[in-house]
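Chain identifiers are assigned alphabetically (A, B, ...) following the order of the sequence lines, protein sequences preceding nucleic acid strands; residue numbering begins at 1 within each chain.
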Amino acid sequence: MPVSTKPRVRFAPSPTGYLHVGGARTALFNWLFAKHEGGTLILRVEDTDVERNKPELVDGILVALKWLGVDWDEGPFFQSQRGEMYRAAAEKIFASGAGYACYCKPAAYAGGDYSAPKDEVEDEGDAEGPKAAKLAACPCRDMSADQLAAKEKEGLPRAIRFKTPRTGVTTFEDAVFGPREVQNGDIEDFVLLRSSGVPTYQLSVVVDDIDMRITHIIRGADHLSNTPKQVLIYHALGAQPPIFAHVPLILGADRTRLSKRHGATSVGSYADEGFLPEAFRNFLALLGWSTGDDSEYMRTPELVERFSLSGVSRTNAIFDRAKLEWYNTQYLQKPPVEEILPFVEAELKKAGLWQDAWGSSEQAWFARTVDLIRPRTRLLGDFTTWARAFFTDDFTYDVEAREKFWKDEKIAGMLGKLADALAALPEWNHDACDAASRAVAAAEGVKAGVLINATRVAIVGRAVAPPLFDTMVALSQDRVVARLQRAVAFLNSR
RNA sequence: GGCGCUAUGGUGCAACGGUUAGCACGCGGCCCUUUCAAGGCUGAAAUACGGGUUCGAUUCCCGUUAGCGCUACCA
């Protein structure tokens, strides 16, 4: 038996500037798997492409992972600092005969057009059919020692290609897609080491996964087709391939790859928009994975407990923002209020509305008020937009609310009477406010709702708010009376 | 073009040979009501198409179609 059966997994982003939601989901799956199994998560930055290797780009990813709550046990490691290992592995494969030197000029990127001319495709009688032409190996593969030496003498740059067997099959195990088998004849002689001495992804990923003793590779399904090449490298290096688990891709609403056109694609933008990390995790976890029953709202510990590769789907999923927002409402509303206080505090600070007393002497008030507001919130920003008046006297009267509830010209008079009645209350609580308000409405000969709605606009500036008398209690007697008087003055000045 | 993967309401998932095809989001209606939410009840909405296999297919097989991925000296 192996010394340790604890899995080792890794998340290996390339530093393209920010953490994409697809990458975030991959990171989360790795994290959930590691936590569930009591294994180890390693963070590795795949930055072999020197052009795009900028430290600040890595930073954005680390910040986003931290926000997401995905932490790692080892790393971050940087491939850009491990070049010697890859070169040594390439030379080893070359020396063993599993690879060969290639002196061809690098083919320019064709721009994705692989279609052959029509007549050529239809000409199937030809001995050199289209297929044979497509997979024609680089001529260097079969060059004689003399020819090779000549090329070398010319001083041509040398790349190392993998000498893919012409026959047979390559197999591997995928925890999501099942046992896989591909014809070696369908695999081209891919480059391991560029003529610049920089390894390709195919090589570096395998060398690192061997070196880091990775047991399960959980990554996007876009890597599924290239996996046989990597398995070939494992064998050439005398290593046992790990278990693969390819997770389906996340697409935009039009079923194409998620891009800016579909709205925000970076995790950071969701953080900025006022989503809670736990809501984001819950949502992401269920994109391409399910428990098997119909569980949806699962807090992170439950996600960890229930996560399993066997529940991962094979179909691409579409990123549905509406559902994400629903998850956010759940996490804004269901957990004990203490849990969301820090997030609301941060939001208030961002808006310049935070007062230190709310974190100390008035903490109970703050908690009660947040609890009062949160049933109607979808995003953290709601606390500083429509609920702004709970935290500052500096607010305006919403135009729509005015038109809806301040139409009647008797409103100003009624609000004035209410201000007086409320100011005279010896006790300030829900029922007292309720009784006083209804008494004023009755005296004025209007339905209670008319006064209540008008009052709401006066004290919070909006048509939308928590139940009025609870709101009054939260705001305090002095403030409510002052705001009513201010509203009267506003109405009379028109 | 080649190779591969996938296919259940608009979306995310269930049903892994036998169910009136279930749940959630979203959408509509009703209840509640002091605005708006929340909550409760409820409605519309799906097995891509065509062949098999089977007593019986959403489920297994084949084909078609569609989408996606890979096919770079990108990762």
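- For A/Thr315, taking side-chain heavy atoms from C-beta onward, the closest of the listed nucleotides B/U35, B/C3, B/A7 is B/A7.
- Taking the ring pair (Phe, Tyr, Trp, His ring centres under 6.0 Å) definition, one finds that A/Phe172 meets it with A/Phe244, sequence neighbours left out.
- A/Trp406 and A/Phe490 have tilted rings, their planes meeting at an angle from 30° to 60° on a 0 to 90° scale.
- Between B/C5 and A/Arg180, a contact under 4.0 Å exists linking OP1 or OP2 to a side-chain N or O.
- Every side-chain hydrogen bond (donor to acceptor under 3.5 Å, both in side chains) that A/Thr227 has, sequence neighbours left out, goes to A/Arg219, A/His246.
- For the 3.5 Å distance criterion, the side chains of A/Tyr331 and A/Asn282 qualify, holding a donor opposite an acceptor.
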Can you give me the dot-bracket string for RNA chain B, 5' to 3', counting Watson-Crick and G-U wobble pairs with both distances under 3.5 Å, using [ ] for crossing pairs and | for partners on another strand? (((((((..((((....[...)))).(((((.......)))))....(((((..]....))))))))))))....
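- Judged by distance alone with a 3.5 Å cut-off, a donor-acceptor contact links the side chain of A/Arg376 to the base of B/C36.
- By the side-chain hydrogen bond (donor to acceptor under 3.5 Å, both in side chains) test, A/Tyr270 pairs with no residue at all, sequence neighbours left out.
- With distances taken from any side-chain atom of A/Leu224 to the nucleotides B/G39, B/U71, B/C5, the minimum falls on B/C5.
- In summary, the side chains of A/Asn226 and A/Tyr201 do not present any donor paired with an acceptor at a separation below 3.5 Å, with no hydrogens or angles considered.
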What does the B/S/- profile of nucleotides 22-29 of chain B look like, 5' to 3', with a 4.0 Å heavy-atom cutoff to protein? BSBSS---
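- Spacing of C1' atoms, B/C32 relative to B/G26, comes out at 22 Å, to the nearest Å.
- Atom CZ in A/Arg314 sits roughly 15 Å away from atom C1' in B/G4 (whole-Å rounding).
- As rounded to the nearest Å, B/A46 and B/C23 have P atoms that lie 15 Å from one another.
- Residues of residues 434-457 of chain A that place a heavy atom closer than 4.0 Å to RNA chain B, in numerical order, are A/Arg438, A/Ile452, A/Asn453, A/Arg456.
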Please list, pair by pair, any protein nitrogen or oxygen found under 3.5 Å from a nitrogen or oxygen in nucleotides 60-68 of chain B.
unit_1	atom_1	unit_2	atom_2	d
B/C68	O2'	A/Asn316	OD1	3.2

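- Between the CG atom of A/Asp470 and the P atom of B/U33 there is a distance of 16 Å, given to the nearest Å.
- A/His36 pairs by the ring pair (Phe, Tyr, Trp, His ring centres under 6.0 Å) definition with nothing, not counting sequence neighbours.
- Counting only residues at least two apart or on different chains, the salt bridge (Lys or Arg N to Asp or Glu O under 4.0 Å) pairs with a member in residues 283-299 of chain A are A/Glu278-A/Arg299, A/Asp293-A/Arg306, A/Glu296-A/Lys323, A/Arg299-A/Glu339.
- Distance from the side chain of A/Leu287 is smallest for B/G12 among the nucleotides B/C73, B/G12, B/U35.
- For the P atoms, the distance linking B/U58 with B/C36 amounts to 45 Å, nearest Å.
- With both ends at atom P, the span from B/U65 to B/U20 equals 36 Å, rounded to whole Å.
- Inspection of the A/Thr170 and A/Asn184 side chains reveals an N or O donor paired with an N or O acceptor under 3.5 Å.
- Note: A/Phe307 and A/Phe29 meet the aromatic proximity criterion, with ring centroids under 6.0 Å apart.
- In this structure, the nucleotide among B/G12, B/C73, B/G69 sitting nearest to the side chain of A/Asp222 is B/G69.
- Using P as the reference atom, B/C68 and B/C31 are 46 Å apart when rounded to the nearest Å.
- In this structure, the nucleotide among B/C73, B/A37, B/U35 sitting nearest to the side chain of A/Thr200 is B/C73.
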Check step by step if salt bridge (charged side-chain N to carboxylate O under 4.0 Å, His left out) holds for A/Glu173 and A/Arg180. CA-CA 6 Å; A/Glu173 190 62 33; A/Arg180 315 282 317 154; over 6 Å; no
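- Under the ring pair (Phe, Tyr, Trp, His ring centres under 6.0 Å) criterion, A/Tyr18 pairs with no residue, sequence neighbours left out.
- Every residue two or more places apart in sequence or in another chain that forms a salt bridge (charged side-chain N to carboxylate O under 4.0 Å, His left out) with A/Glu325 is listed here: A/Arg321, A/Arg378.
- Residues passing the ring pair (Phe, Tyr, Trp, His ring centres under 6.0 Å) test with A/Phe77: none are found, sequence neighbours excluded.
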